[in-house]
A.B. asks: 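Can you keep this structure in mind? I'll have questions shortly.
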Amino acid sequence: LGSVGGKAASLGELAGAGLPVPPAFVVTADTYRGFIEETGIDGELFDAVDIDSDDSEALAAAHERATELILGTPMPDPIREDIIAAYGDLDGGEASVAVRSSATAEDLPDASFAGQQETFLNVTGDDLLDRVRECWASLFSQRAIYYRNEQGFAHDAVDIAVVVQVMVDSEKSGVMFTSHPSTGEPVTIIEAAWGLGEAVVSGAVSPDNYVVDPATGEVTDATVADKKVMCVRDDETGETVEREVPDDRRTERVLDEDELLELVELGEQVEEHYGVPQDVEWAI
């Protein structure tokens, strides 16, 4: 966990367990630490964010200075070359990837850093290095600085890794809970929408909701939502954009029975691997 963070460690575990995880590599926390130390910006960086204040202007100034230092400092050649070489192994360097932050303190029992750092979708080689640095810089967002101050975490004690993972240009996607997230009832709950999962995770769309009894495979409840928008990859720019769902698909059911059962089976494998209920992002 100290090297790759909770998110990357989980992806690696699931890949090793034979689950269908898209290919990826990790820019380790040591690489981030090497970047700030080899370039000599570490001292100024931690001084900039060492503020004992919840004042929004002070937090904004600290974030701005940290971002300037990280984005404005050239990446040392060995780090740059290693990242480019690893990307070259994904679909011959032609892959469209998700660049996802994985903070090394993300899963500490007394605090949660999850969701505080950046994720970028549909990134190609031209922008990869910049997006990695933007993930590093997001370790010093206003929210993250304030949170660490409130929790008593030293800013120089938290590192960040970056997952670079091949994108699934999904037709449908969502989130699955292998037990009821509020009651713990042994049912599988699946949320689903059209396009990329970003629309579901961000709350931009109200997804379909399916409740399945994993013991029998019976769909005990299916709520089909009016899905007004979806996130998709723009064919011309390659960027992630929000589009209106065509009228004939807005109230159409996203998942059929076979797809639901396949997801339930995968969810059971994930839960069996970890020994406790899980929430899982999925894409088809």
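Only this structure's heavy atoms are used, side chains among them; waters, hydrogens and symmetry mates stay out.
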A.B. asks: In chain order, what residues pass the ring-ring contact (aromatic ring centres under 6.0 Å, His included) check against Y146, with sequence neighbours excluded?
C.D. replies: none

A.B. asks: Following the transitive rule for hydrophobic clusters with a side-chain heavy-atom cut-off under 4.5 Å over Ile, Leu, Val, Met, Phe, Trp and Tyr, establish whether F120 and I83 coincide in one cluster.
C.D. replies: yes

A.B. asks: With no hydrogens and no angle check, just 3.5 Å: does a side-chain donor-acceptor pair link T220 and D213?
C.D. replies: no

A.B. asks: I want to check something: taking the side chain as every heavy atom from C-beta on, are T39 and P76 in contact at a cut-off of under 4.5 Å?
C.D. replies: yes

A.B. asks: Rounded to the nearest 0.5 Å, what separation is found between the CD1 atom of I160 and the OG1 atom of T28?
C.D. replies: 12.0 Å

A.B. asks: Flag yes if more than 12 heavy atoms outside Q269 fall under 6.0 Å of its CD atom; otherwise flag no.
C.D. replies: yes

A.B. asks: Which heavy atom of P246 sits nearest to which heavy atom of M230, and what is that distance?
C.D. replies: CD-CE, 4.0 Å

A.B. asks: Might you point out which heavy atoms bring N209 and I189 nearest each other, and give the distance in Å?
C.D. replies: ND2-CG2, 3.7 Å

A.B. asks: Could you please spell out the steps behind the side chain to side chain contact (heavy atoms under 4.5 Å, CB included) verdict for I190 and V264?
C.D. replies: CA-CA 9 Å; I190 298 172; V264 169; 4.2 Å; yes

A.B. asks: Are V164 and I79 connected in a single hydrophobic cluster, I mean Ile/Leu/Val/Met/Phe/Trp/Tyr linked by side-chain heavy atoms less than 4.5 Å apart?
C.D. replies: yes

A.B. asks: What's the spacing between R250 CZ and E244 CD if we round to 0.5 Å?
C.D. replies: 7.5 Å

A.B. asks: Hey, what do you get for CD1 (I70) to OH (Y32), rounding to the nearest 0.5 Å?
C.D. replies: 5.5 Å

A.B. asks: Going by heavy atoms in the side chains, are W194 and V254 under 4.5 Å from each other?
C.D. replies: yes

A.B. asks: To the nearest 0.5 Å, what is the distance between CG (L45) and CD (E37)?
C.D. replies: 11.0 Å

A.B. asks: Does the Lys NZ or Arg CZ of R80 fall within the cation-pi geometry relative to F35 - under 6.0 Å from the ring centre and within 45° of the axis?
C.D. replies: no

A.B. asks: Quick one: pull up CG in L59 and OG in S141 and give me the separation to the nearest 0.5 Å.
C.D. replies: 9.5 Å

A.B. asks: Is there a side-chain contact between Y210 and E259 (heavy atoms, below 4.5 Å)?
C.D. replies: no

A.B. asks: Is the closest side-chain heavy-atom distance between V97 and R131 below 4.5 Å?
C.D. replies: no

A.B. asks: Taking the side chain as every heavy atom from C-beta outward, state whether W136 and I36 have any pair of such atoms under 4.5 Å apart.
C.D. replies: no

A.B. asks: Would D234 and R243 count as a salt bridge (Lys or Arg N to Asp or Glu O under 4.0 Å) here? Give the steps.
C.D. replies: CA-CA 10 Å; D234 185 272; R243 296 263 168 81; 2.5 Å; yes

A.B. asks: Which heavy atom in V200 sits nearest to a heavy atom in V205, and how many Å separate them?
C.D. replies: N-CG1, 4.0 Å

A.B. asks: Examine V158 and V132 and state if one hydrophobic cluster contains both, with Ile, Leu, Val, Met, Phe, Trp and Tyr joined whenever side-chain heavy atoms are less than 4.5 Å apart.
C.D. replies: yes

A.B. asks: Say whether, by atom type as modelled, one donor and one acceptor occur between the side chain of S173 and the main chain of G195 under 3.5 angstrom.
C.D. replies: yes

A.B. asks: Could you report the tightest heavy-atom contact between S138 and C135, atom names first, then the distance?
C.D. replies: OG-O, 2.6 Å

A.B. asks: Walk me through it: do L14 and Y274 pass the test side chain to side chain contact (heavy atoms under 4.5 Å, CB included)?
C.D. replies: CA-CA 9 Å; L14 293 176; Y274 284 104; 3.7 Å; yes

A.B. asks: Do the charged groups of D30 and R33 touch, with an N to O distance under 4.0 Å?
C.D. replies: no

A.B. asks: Under 4.0 Å between a Lys/Arg side-chain N and an Asp/Glu carboxylate O for R249 and E171?
C.D. replies: yes

A.B. asks: Can you tell if the side chain of L69 reaches within under 4.5 Å of the side chain of R65, non-hydrogen atoms only?
C.D. replies: yes

A.B. asks: Could you check whether any side-chain N or O of Q165 sits under 3.5 Å from a backbone N or O of P22, counting only pairs where one atom can act as donor and the other as acceptor?
C.D. replies: yes

A.B. asks: How far apart are the C-alpha atoms of E38 and T73, what are their side-chain angles, what is the distance that settles it, and do they pass the side chain to side chain contact (heavy atoms under 4.5 Å, CB included) test?
C.D. replies: CA-CA 11 Å; E38 288 173 31; T73 301; over 6 Å; no

A.B. asks: Taking C-beta and beyond as the side chain, do D208 and L255 meet within less than 4.5 Å on heavy atoms?
C.D. replies: no

A.B. asks: Can you give me the closest heavy-atom contact between L129 and I84, atom names plus distance?
C.D. replies: CD1-CD1, 4.1 Å

A.B. asks: So, taking the atom named CD in E134 and the one named OG in S101, what distance separates them when rounded to the nearest 0.5 Å?
C.D. replies: 10.0 Å

A.B. asks: Is there a side-chain contact between V224 and E252 in this structure, where contact means two heavy atoms from C-beta onward sitting under 4.5 Å apart?
C.D. replies: no

A.B. asks: Quick one: closest heavy-atom pair of S102 and G6, and the distance?
C.D. replies: OG-N, 3.6 Å

A.B. asks: Between T178 and T188, is there a donor-acceptor pair closer than 3.5 Å when you use the side chain of the first and the backbone of the second?
C.D. replies: no

A.B. asks: Would M176 and V270 show up in the same hydrophobic cluster when neighbours are defined by side-chain heavy atoms closer than 4.5 Å?
C.D. replies: yes

A.B. asks: Could you give the side-chain donor-acceptor pairs of residues 277-284 under 3.5 Å, partners two or more places apart or in another chain?
C.D. replies:
unit_1	atom_1	unit_2	atom_2	d
Q278	NE2	V276	O	3.2
E281	OE1	R100	NH2	3.3

A.B. asks: Please check if V241 and L121 belong to a single hydrophobic cluster, counting links between Ile, Leu, Val, Met, Phe, Trp and Tyr side chain heavy atoms closer than 4.5 Å.
C.D. replies: no

A.B. asks: Heavy-atom count around E13 CD within 6.0 Å, excluding the residue itself: above 12?
C.D. replies: yes

